[in-house]
Structure formats: C-alpha cells, structure tokens
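A note on names: the letters A, B, ... follow the listed sequences, proteins ahead of strands, and every chain is numbered from 1.
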2 protein chains.
Amino acid sequence: MTKLSRGKSARKRPVQEPRPYHHGDLRRALIAAATELLEREGAEALSFRAVARTAGVSQSAPYNHFSGKEDLLATVAEAGFRALATSQAETAAHAHAGEARMIALGLDYIGFAADHPQLYRLMFGVGVADWHAYPHVSEAKHASFAPIRAALAGDFPSTRDAAAIEHAAVAAWGLAHGLAMLRIDGSLARRDAPDQPPAEEAALQLFARGLAHALAGVGKVEKSS
Amino acid sequence: MTKLSRGKSARKRPVQEPRPYHHGDLRRALIAAATELLEREGAEALSFRAVARTAGVSQSAPYNHFSGKEDLLATVAEAGFRALATSQAETAAHAHAGEARMIALGLDYIGFAADHPQLYRLMFGVGVADWHAYPHVSEAKHASFAPIRAALAGDFPSTRDAAAIEHAAVAAWGLAHGLAMLRIDGSLARRDAPDQPPAEEAALQLFARGLAHALAGVGKVEKSS
DNA sequence: TCCGCAATATGAACGCTGATAACATCACTC
DNA sequence: GAGTGATGTTATCAGCGTTCATATTGCGGA
C-alpha cells in the first residue's frame with residue numbers, strides 16, 4: 001500500500017472498462033511503442049520496461065512476445081528496413097532511368113535516415129550485438145539494398161562485367177549509407193550557401209556521373225591495370 | 001567480511017605492496033581499460049563500473065577524472081579519431097599521388113575500422129547522445145577526414161571549382177565510411193572468389209576512376225545540366 | 001617541521017535496468 | 001465443465017550510473 005506511482009490506469013479509466021486482463025494484440029503494440037519511444041526519446045531512453053509502460057502492461061509481459069530486449073530491437077530494425085525498402089522501390093519506380101534515378105535513390109535513402117535518425121542508427125548500430133542471430137533482419141536489409149542494385153543493372157545493361165555492376169552497387173550503397181550517417185551525425189555542416197543544394201546531393205551527382213564513365217570504361221579496357 | 005568476490009588484489013599481491021591509496025595515473029589507466037574492454041568484450045559490456053574494476057579502483061573513483069560514462073566514451077572516441085588521423089596521414093605520405101593514393105586512403109580507412117570494429121562503432125555510434133557537447137571529438141573527427149580532402153585537392157589542382165573538390169571529398173569520406181560500416185556489419189559477404197580482391201577495393205577503384213572523369217568534366221562543362 | 005588544503009580515493013546508498021520465477025487469469029478444446 | 005496452454009501479474013535478483021559523506025594522501029606555505 002501507499003504506492004503513489006502506477007495510478008495511471010486508474011486515472012485514465014476511472015471506474016468502468018477495467019482493461020481486460022489480456023491485451024489482445026500486445027506484440028504489435030509493443031513494436032509501435034518501441035518505435036515511438038525510440039524516435040521521441042532517443043535510443044538511450046528505450047528501455048524494455050519503458051516500452052511495457054507505454055503499452056500499458058506490466059514489465060514482464062513483453063517476455064511472452066520477445067525473447068528479450070535485443071529481440072525487440074531487432075524486430076524494430078527489421079520493420080525499419082522494410083519501410084526503407086518500400087521507399088526505395090517507390091522512388092525507383094517513379095524516377096527516370098539513368099543518373100537521375102541513381103541520384104533520386106540516394107536522396108531518398110539519405111532522406112529516410114534524416115527523417116528517422118534514431119531508427120536508422122538502430123538499424124546499423126550497436127543495439128544488437130550480433131545481427132547474424134536475426135536472419136530476418138539481414139534479409140530485410142538486403143531487400144532495402146535491392147533497388148539500388150536493380151537500378152544499376154538496368155542502367156548499364158550493356159556492361160559485360162557483371163562483377164563490375166555488383167561493385168558499383170556496393171559503392172553506391174556504401175556512399176548512400178555513409179552520407180546518411182554523416183548527415184545524421186551532423187558531420188555534414190552547412191558550409192555551403194543556403195540556396196545551394198545540400199552537400200550530399202552534389203556528392204551524389206559527382207558519383208553518378210563518374211560511375212557512368214567508369215562503368216563504360218570497364219567494358220572497353222577489360223582489366224587494363 | 002565473508003565477501004567472496006573482490007579478492008583480486010589479494011590474489012595478485014599476497015602480502016606486500018598493498019597498492020597505494022592514490023593510483024597516480026588513473027585517467028590514462030581508465031582510458032586504456034575502457035579501450036581494452038571495448039574491443040575485447042564489446043560495447044554492451046563496457047560499463048563504467050567494469051572499467052573501474054579493470055583499473056583496480058573503486059566504482060566511484062573514475063568520477064574524479066570524468067564527468068560520467070559519456071565523457072569517458074567521448075574521450076575514447078577522440079583517441080580513436082586521432083589514431084585514425086595518424087594512420088590516414090601516414091598512408092597519404094607513403095602513396096603515390098592520384099587514383100592509387102585515393103584507393104590506398106580508402107583501404108586504410110576501412111582497414112582501421114575492420115581492425116577496431118567496436119571502437120569504430122563507438123566513434124560513429126549512439127553511445128554518446130550529442131557529440132556537439134564534445135567539440136574536441138568533432139575536431140578530431142575532422143582531422144581524420146583531412147587527409148582525404150588534402151589528397152583530392154592535391155590530385156586535382158587544376159580544377160577551378162573549389163566546391164567540386166569539397167563535394168568530391170564528402171563523397172569520398174561518405175564512401176569510405178559507408179564501406180567500413182558495411183564491412184563491420186558483415187553486410188559485405190564473401191560473394192566473390194577467394195583469390196579476388198575484396199568488394200570494397202573494387203568499389204574504391206570504380207569510384208576513383210569515375211571521380212577523375214567527373215572532376216575533369218566539371219571544369220569543362222561548367223554546370224551543363 | 002608541521003599544518004592545512006586540494007586532489008583523489010573509498011564504501012554505502014538510490015533509483016533504474018534486464019531478466020527470471022512463481023503465480024493468476026483467460027480462451028479454447030474435448 | 002475440466003484441463004491446458006497462452007498470456008498476463010507481482011516479487012525478486014544482480015548489475016548499472018550516479019551521488020554523497022568520508023577517508024587518505026601529496027604538497028605548498030607558515
């Protein structure tokens with residue numbers, strides 16, 4: 001008795017509708033609560049207990065749906081990758097092929113990270129010690145990478161060297177990911193004029209233009225060096 | 001009494017030399033202990049208390065040298081950036097100018113991350129909520145980026161557009177950082193033949209070759225699109 | 001030489017965390 | 001209607017970051 005805290009449910013529902021013992025859709029509610037907490041309060045504030053509180057259940061109820069905190073984080077990360085993949089696929093579908101599509105994909109990628117910085121950091125961060133333990137997440141990650149790869153393969157169909165396409169895709173993915181992280185970290189300070197496009201756009205343009213030349217060269221020179 | 005744990009000092013120094021009350025160089029020892037713990041046990045195991053234990057002092061002794069855990073992490077990250085800057089500067093000094101130097105810098109960058117994955121993740125990760133609170137770290141970060149920028153400026157001195165050089169530097173940094181993170185995460189799986197160079201090397205080559213073309217084009221076309 | 005102070009270390013304590021265990025409640029099938 | 005498994009609850013544990021009062025020490029000034 002004399003427990004002052006925890007009067008939440010009593011405050012929200014004074015007398016009637018005493019909240020059924022079973023939540024009904026707790027797993028989804030926990031993922032939503034975790035996602036919201038992550039973006040609103042930051043990664044540090046995302047505790048397993050806080051997620052349970054936000055969902056309105058006891059602190060140990062989530063263990064019926066997730067093996068532990070890492071499992072929950074991995075699930076949130078997977079949802080993030082799926083959202084990113086959807087965004088990338090839509091961008092690829094609505095852009096004209098060629099350099100413009102590459103740049104659009106890059107900007108979309110960076111934009112996703114900028115819109116959900118905490119989520120993006122979780123997706124690529126330390127919260128989960130070993131991603132290999134969650135193959136679903138790795139699969140979703142590669143799905144979010146697929147549009148870039150597909151765009152490159154579509155833009156340079158004549159290139160004989162399939163490996164070169166793969167290397168270009170890795171470079172494009174790396175560039176997009178790196179620029180996104182630098183943007184989130186604030187490392188890409190506003191050094192340029194306010195009316196100019198952001199630095200990452202110019203960097204993407206430079207990359208896309210150079211890539212066209214380099215890939216065209218690959219087929220011709222055929223391993224010159 | 002009857003305290004079973006904590007018998008470490010008694011085990012190591014049976015009777016004599018009862019470890020002076022004052023450590024003497026605790027700050028440095030704490031940084032070293034944190035760095036070692038980070039790489040050996042991972043970021044999750046790096047607790048403030050564990051660092052103190054490793055250094056052989058009480059749990060609250062570190063508060064005389066760091067304002068808190070975040071301060072310690074930021075200091076470790078700063079040391080990491082300084083080490084990376086040194087490595088980059090040496091690589092730049094020993095490589096021939098041109099594409100080869102760009103590739104060497106990129107490989108050195110990725111190699112650093114691969115050699116110290118946990119440290120690298122800390123440097124760019126969530127452990128510290130707001131890096132802006134630690135200007136020393138930001139400064140060290142940009143110092144580690146300086147060799148790439150300098151190499152580009154040196155390799156393309158004829159390029160009129162100084163902004164293009166800056167954009168190319170951002171692209172190069174982003175690419176190196178992105179490839180490093182993908183490598184650490186295991187996202188760059190071994191898909192290629194075992195005797196071939198790793199994917200990031202091919203990606204760097206592609207990028208460097210394309211950059212040369214794109215930067216050469218910038219001066220001539222002068223904002224064609 | 002000795003005093004006093006600042007620097008540095010100690011242990012206890014607080015509230016929080018992730019996790020486990022024992023128990024309660026409910027939906028659903030036979 | 002009994003029983004059983006899924007899904008909740010409370011109680012409890014060790015460990016965490018942090019703060020506090022206290023203890024120990026090195027060192028500069030009388």
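- Annotation: B:Arg28, atom CZ; neighbour count of heavy atoms from other residues, nucleotides and ligands within 6.0 Å does not exceed 12.
- The base of D:dT18 is not paired with the side chain of B:Ser60 by any donor and acceptor separated by under 3.5 Å.
- Between A:Arg53 and C:dT17 there is a side-chain N or O to OP1 or OP2 distance below 4.0 Å.
- Distance CD (B:Gln59) to P (D:dC16): 9 Å, rounded to an integer number of Å.
- Interface residues of residues 26-48 of chain A facing DNA chain C, ordered by number: A:Ser47, A:Phe48; criterion, heavy-atom separation under 4.0 Å.
- Contact of the A:Ser187 side chain with the B:Trp173 side chain is registered, since non-hydrogen atoms from C-beta on lie closer than 4.5 Å.
- Remark on the helix from C:dT1-D:dA30 to C:dC30-D:dG1: inter-end axis angle 10°, axes from five-pair C1' superpositions, rounded to 10°.
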Donor-acceptor pairs are to be reported for all side-chain atoms of residues 118-128 of chain B against protein atoms at under 3.5 Å, with residues two or more places apart or in another chain.
from: B:Tyr120; atom 1: OH; to: B:Tyr109; atom 2: OH; distance (Å): 3.1
from: B:Tyr120; atom 1: OH; to: B:His177; atom 2: ND1; distance (Å): 2.5
from: B:Arg121; atom 1: NH2; to: B:Asp185; atom 2: OD1; distance (Å): 2.9

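- Residues satisfying the ring pair (Phe, Tyr, Trp, His ring centres under 6.0 Å) criterion with A:Phe48, sequence neighbours excluded, are A:Tyr63.
- The main-chain N or O of B:Ala83 is never found under 3.5 Å from a side-chain atom of B:Ser87 such that the two would form a donor-acceptor pair.
- Proximity of a side-chain donor or acceptor of A:Gln88 to a complementary backbone N or O of A:Leu105 within less than 3.5 Å is detected.
- Distance, B:Arg49 CZ to C:dC14 C1': 11 Å, rounded to whole Å.
- To the nearest 0.5 angstrom, A:Ser58 atom OG is 11.5 Å from A:Arg53 atom CZ.
- The stretch residues 61-78 of chain B touches DNA chain C through B:Ala61, B:Asn64, B:His65, each having a heavy atom within less than 4.0 Å of the strand.
- Residues satisfying the ring pair (Phe, Tyr, Trp, His ring centres under 6.0 Å) test with A:His65, not counting sequence neighbours, are none.
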query: Can you check side-chain contact (heavy atoms from CB on, under 4.5 Å) on A:Leu46 and A:Leu73, steps first, answer last?
result: CA-CA 9 Å; A:Leu46 202 163; A:Leu73 292 183; 4.0 Å; yes

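- Between A:Ala203 and B:Ala171, the closest heavy-atom pair is CB-CB, 3.7 Å.
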